[in-house]
Protein chains: 2
Amino acid sequence: MERTYKRSRQRERILETLMQTTTHPTADWVYARLKPDFPDLSLGTVYRNLNILVEQDLVRRIDNGSSFDRYDARRDPHYHFVCEQCGKIIDLGIPVDTALEDRVSGETGLVIKRHKIDFFGLCQDCQTQSGIRPD
Amino acid sequence: MERTYKRSRQRERILETLMQTTTHPTADWVYARLKPDFPDLSLGTVYRNLNILVEQDLVRRIDNGSSFDRYDARRDPHYHFVCEQCGKIIDLGIPVDTALEDRVSGETGLVIKRHKIDFFGLCQDCQTQSGIRPD
DNA sequence: GTTCATGCAAATCGTTTGCACAATG
DNA sequence: CATTGTGCAAACGATTTGCATGAAC
């Protein structure tokens, strides 16, 4: 049986916050961002609501290989770039290659539902400040 | 200054275990696998050695989007398929597209060092037993 | 009024770490 | 013998959960 949801001011603001940024924030960042407006806000609530938003398919969870989850309110398919120096995640504009899925499917017999491409390297900011590296 | 390593029977067996399988095991799996041979083995040791093997570039850590890390002793570049039903990870034979990195780099000005493609869907086993789904 | 959401704190769980002792070079 | 590895148990850190109270419908 279907789960039903009731509106909550906190969840609406969490979604709004995610939609207003392109930085793919962590739960903690969202929490810190909203704390001034909701002095009693707890991290548990942020996590619970992020999970609900993901269930509702209004938000995507992206695992960037680091220890925390990041969230993205952009729902159209796109690829990501992860800066290995500062951890920033950047949305890429290159078109999504749907033929790739058919190709793998045809060659392997696997049922492919989706795919993900992540690029890793240095963002513009970190290219400039490359003197930071200790060695 | 460079870190130096001393040999250890445990680490050698951990690497050997990883090389003998294609299942991209978790730390826990490796631990359970070697426990009979090393009755005093501890999970901490397995984790410490996996980290060392990754530092030595003998093993790769792959983050499959689930909660635990998996490890892969295959070092040549290749893409992965993750079964959404059973969690299995399968190595794919399709060639790695290096031109893709140049293309993104050219369009964005980002320095691209590597990229990763993961496909998600149903493996052959899970396609057959699709009656498992509750709805 | 029944159901879902909140805040708080405690619990969970994969992974890391401090320490005393053993193995390596 | 100086350094690195081990086992054990405690610590960590991101996320989840139980519970009593509050908001939504």
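Chain A is the first sequence line, chain B the second, and so forth, proteins listed ahead of strands; every chain is numbered from 1.
Of the candidate nucleotides D/dG7, C/dT16, C/dA5, C/dT16 has the atom nearest to the side chain of B/N51. The side chain of A/R11 approaches C/dA5 more closely than any other nucleotide in the set C/dA5, D/dA24, C/dG14. For A/L41, counting side-chain heavy atoms from C-beta on, the closest listed nucleotide (C/dG25, D/dC25, C/dG7) is C/dG7. Nearest to the side-chain atoms of A/D40 among the listed nucleotides C/dG7, C/dA5, D/dT15 stands C/dG7. If you check D/dG5, D/dT15, C/dA5 against the side chain of A/F68, the one that comes closest is D/dT15.
Atom CG in B/N49 sits roughly 14 Å away from atom C1' in C/dT24 (whole-Å rounding). For the pair B/L43 CG and C/dC13 P, the interatomic distance rounds to 14 Å; values are reported in whole Å. Taking atom CD1 of residue A/I52 and atom P of nucleotide D/dT17, one finds them 12 Å apart after rounding to whole Å. Taking atom CD of B/E12 as the reference point, atom P of C/dA23 lies 15 Å away to the nearest angstrom. Atom pair B/Y31:OH and C/dG14:C1' shows a separation of 14 Å (rounding to whole Å applied). One interatomic measurement links the two molecules: CZ of A/R70 to P of D/dA14, which rounds to 12 Å at whole-angstrom precision. What separates CG of A/L50 from P of C/dA5 is a distance of 14 Å, to the nearest Å. Rounded to whole angstrom, the span from the CG atom of A/D69 across to the P atom of D/dG13 amounts to 17 Å.
Note on B/D28: nothing from the nucleic acid sits closer than 4.0 angstrom, heavy atoms only. Using a 4.0 Å heavy-atom cutoff across all strands shown, B/T4 reaches sugar-phosphate atoms only and no base atom. Counting any heavy atom pair closer than 4.0 Å across all strands shown, A/Y47 reaches a base atom.
The cationic atom of B/R114 (NZ for Lys, CZ for Arg) lies less than 6.0 Å from the six-membered ring centre of A/F120 and within 45° of the ring axis.
Ring orientation note: the planes of B/H78 and B/H24 are tilted relative to one another, at an angle of 30° to 60°.
Phosphate contact (OP1/OP2 of C/dG7, side-chain N/O of A/Q10, threshold under 4.0 Å): present. A sub-4.0 Å separation between OP1 or OP2 of C/dT6 and a side-chain N or O of A/R7 is absent. Between A/S8 and C/dT6, a side-chain N or O to OP1/OP2 separation shorter than 4.0 Å is present. Contact between the side-chain N/O atoms of A/T45 and the OP1/OP2 oxygens of C/dA5 is not found at any separation under 4.0 Å. Put simply, A/R48 has no side-chain N or O that comes within less than 4.0 Å of OP1 or OP2 on D/dG18.
Residues A/F81 and A/L122 do not share a hydrophobic cluster, defined by chaining ILVMFWY side chains whose heavy atoms lie under 4.5 Å apart. Both B/V104 and A/I117 belong to a single network of hydrophobic side chains, linked directly or stepwise wherever heavy atoms of I, L, V, M, F, W or Y lie under 4.5 Å apart.
Toward the 5′ end of DNA chain C lies the nearest nucleotide of B/R61, the other residue of the pair B/Y5 and B/R61 mapping further downstream.
Ion pair A/K113/A/E101 not flagged as a salt bridge, since none of the NZ, NE, NH1 or NH2 atoms sits closer than 4.0 Å to an Asp/Glu carboxylate oxygen.
Ring to ring, B/H115 and B/Y79 are close: their centroids are under 6.0 angstrom apart.
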